[in-house]
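Encoded as structure tokens, the structure appears first; notes follow it.
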Amino acid sequence: MMRRQQELRIVGARHPSLIVGAPFLQACSAASLHLGGPSIASLGVTSAVRGEGRSSIAAAMAAVQQRDYRRHVLLLEMDFDQPSLATRLHTNMTPGLADVIRGEVSIDDALQLFPDGTMMITAGVASGNGARLTVDLKSSGLLAELTRRFEVVVADLPPLLESSFARVAAGLFDRTLLVVRAGVTPIGQVQEATAGLDPAPVVLLNGASTRLPAWLRRLTQA
């Protein structure tokens with residue numbers, strides 16, 4: 001494992017904290033504390049639709065868990081439809097989670113290491129089989145293995161209203177963080193996205209300058 005970590009350091013990966021600004025990190029630090037801080041075991045980060053800043057927030061939440069609490073962190077990409085973290089973080093796209101679920105590679109083969117010790121598994125190439133892969137992930141025990149190996153798993157999930165497997169994916173995690181762009185995402189879409197989620201997600205309002213409506217404030221207190 002040490003040899004693989006040394007190889008991964010040569011990849012030149014861009015640290016997750018560098019794809020977001022200081023305000024994002026501050027907001028994520030507060031959200032992380034609200035969610036349980038160092039007691040979080042698994043966290044799924046999602047949104048109602050694309051373009052909310054979900055992937056950036058997921059990367060920032062992973063960075064905060066390492067920076068604030070010095071935990072052994074895994075950033076897990078589960079947006080099989082439109083993965084973006086490999087490009088944004090300058091890492092390898094494959095092998096990834098899809099390859100591990102199919103049994104083509106081991107977990108260790110898919111892990112990529114950042115200099116601070118944070119590790120990542122990209123989505124890999126799903127070939128249009130995101131729903132099947134998510135169901136197989138749920139039944140395989142793979143996620144349980146990852147939570148045993150890492151102190152916290154932070155997942156970049158697909159958007160709830162634009163993916164057939166997003167709700168199944170969200171249900172695999174102890175806590176869920178819903179990213180909403182302030183003044184952009186219609187309230188009706190947010191209500192539709194959060195309906196039936198159990199437990200109710202904590203809401204992170206991206207770019208907020210106004211007060212949350214009462215029903216949305218109640219979600220942030222979940």
Side-chain angles (χ1 to χ4, degrees), residues 16 19-20 23-24 27-36 40-62 64-65 75-85 88 97-98 122-123 126 128-138 143 152-222:
I19 69 171
V20 298
F24 268 64
C28 288
S29 184
S32 183
L33 185 61
H34 183 76
L35 285 158
I40 301 171
S42 67
L43 172 67
V45 182
T46 188
S47 59
V49 294
R50 295 192 181 279
E52 305 287 83
R54 164 184 45 83
S55 295
S56 295
I57 294 295
M61 291 296 288
V64 162
Q65 279 288 313
L75 174 60
L76 182 67
E77 185 174 42
M78 289 182 58
D79 185 359
F80 294 117
D81 290 338
Q82 295 185 36
S84 64
L85 287 178
R88 299 181 68 189
L97 182 59
T122 62
N129 295 316
R132 179 74 259 171
L133 288 165
T134 302
V135 171
D136 289 346
L137 175 64
K138 181 178 180 180
L143 193 58
V152 57
V153 176
V154 179
D156 176 20
L157 304 180
L160 291 164
L161 299 183
E162 297 186 10
S163 169
S164 62
F165 54 91
R167 289 185 179 276
V168 174
L172 299 177
F173 294 86
D174 296 333
R175 301 301 305 268
T176 308
L177 183 67
L178 182 78
V179 182
V180 178
R181 284 189 67 193
V184 175
T185 310
I187 293 297
Q189 283 189 331
V190 180
Q191 290 175 319
E192 181 183 356
T194 56
L197 286 184
D198 185 26
V202 168
V203 175
L204 183 78
L205 208 59
N206 184 2
S209 59
T210 58
R211 296 181 63 189
L212 289 170
W215 73 270
L216 203 49
R217 285 202 305 276
R218 286 194 294 272
L219 283 180
T220 67
Q221 296 166 3

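Computed from a predicted model, the values in this text were never measured in an experiment.
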Ignoring hydrogens and geometry, is there a side-chain-to-backbone donor-acceptor pair from [X] to [Y] under 3.5 Å?
| X | Y | value |
| --- | --- | --- |
| S42 | D174 | yes |
| T134 | G130 | yes |
| E77 | L85 | yes |
| R54 | V45 | no |

Look up atom [atom1] in [X] and atom [atom2] in [Y], then write down how far apart they are to the nearest 0.5 Å.
| X | Y | atom1 | atom2 | value |
| --- | --- | --- | --- | --- |
| M78 | L137 | CE | CG | 5.0 Å |
| R175 | I40 | CZ | CD1 | 7.5 Å |
| L35 | T176 | CG | OG1 | 9.0 Å |
| S163 | D79 | OG | CG | 7.0 Å |
| M61 | S29 | CE | OG | 8.5 Å |
| E52 | Q189 | CD | CD | 8.0 Å |

Name all residues meeting the side-chain hydrogen bond (donor to acceptor under 3.5 Å, both in side chains) criterion together with Q65; count only those two or more places apart in sequence or in a different chain, and write none if there are none. S32, R71
Taking all heavy atoms of [X] and all of [Y], pick out the closest pair and write down the distance.
| X | Y | result |
| --- | --- | --- |
| L133 | A98 | CD1-CB, 3.8 Å |
| A170 | L197 | CB-CD2, 4.5 Å |
| A131 | F165 | N-CD2, 3.4 Å |
| L75 | A58 | CD1-O, 3.8 Å |
| L177 | L204 | CD1-CB, 4.0 Å |
| T194 | P201 | CG2-CG, 3.9 Å |

Could you go through F173 and L143, starting from their C-alpha distance and side-chain angles, then the distance that decides it, and tell me whether this counts as side chain to side chain contact (heavy atoms under 4.5 Å, CB included)? CA-CA 9 Å; F173 294 86; L143 193 58; 4.0 Å; yes
Test item: side-chain donor near acceptor, S56 and R88, under 3.5 Å: yes
So V203 and V190, side chain to side chain contact (heavy atoms under 4.5 Å, CB included) or not? Walk me through it. CA-CA 10 Å; V203 175; V190 180; 5.6 Å; no
Would you mind listing every salt bridge (charged side-chain N to carboxylate O under 4.0 Å, His left out) that reaches into residues 160-170, with sequence neighbours excluded? R50-E162
After noting the C-alpha distance and the side-chain angles of V135 and R132, does the key distance pass the side chain to side chain contact (heavy atoms under 4.5 Å, CB included) rule? CA-CA 5 Å; V135 171; R132 179 74 259 171; 3.2 Å; yes
How about L178 and V180: do any of their side-chain heavy atoms sit closer than 4.5 Å? yes
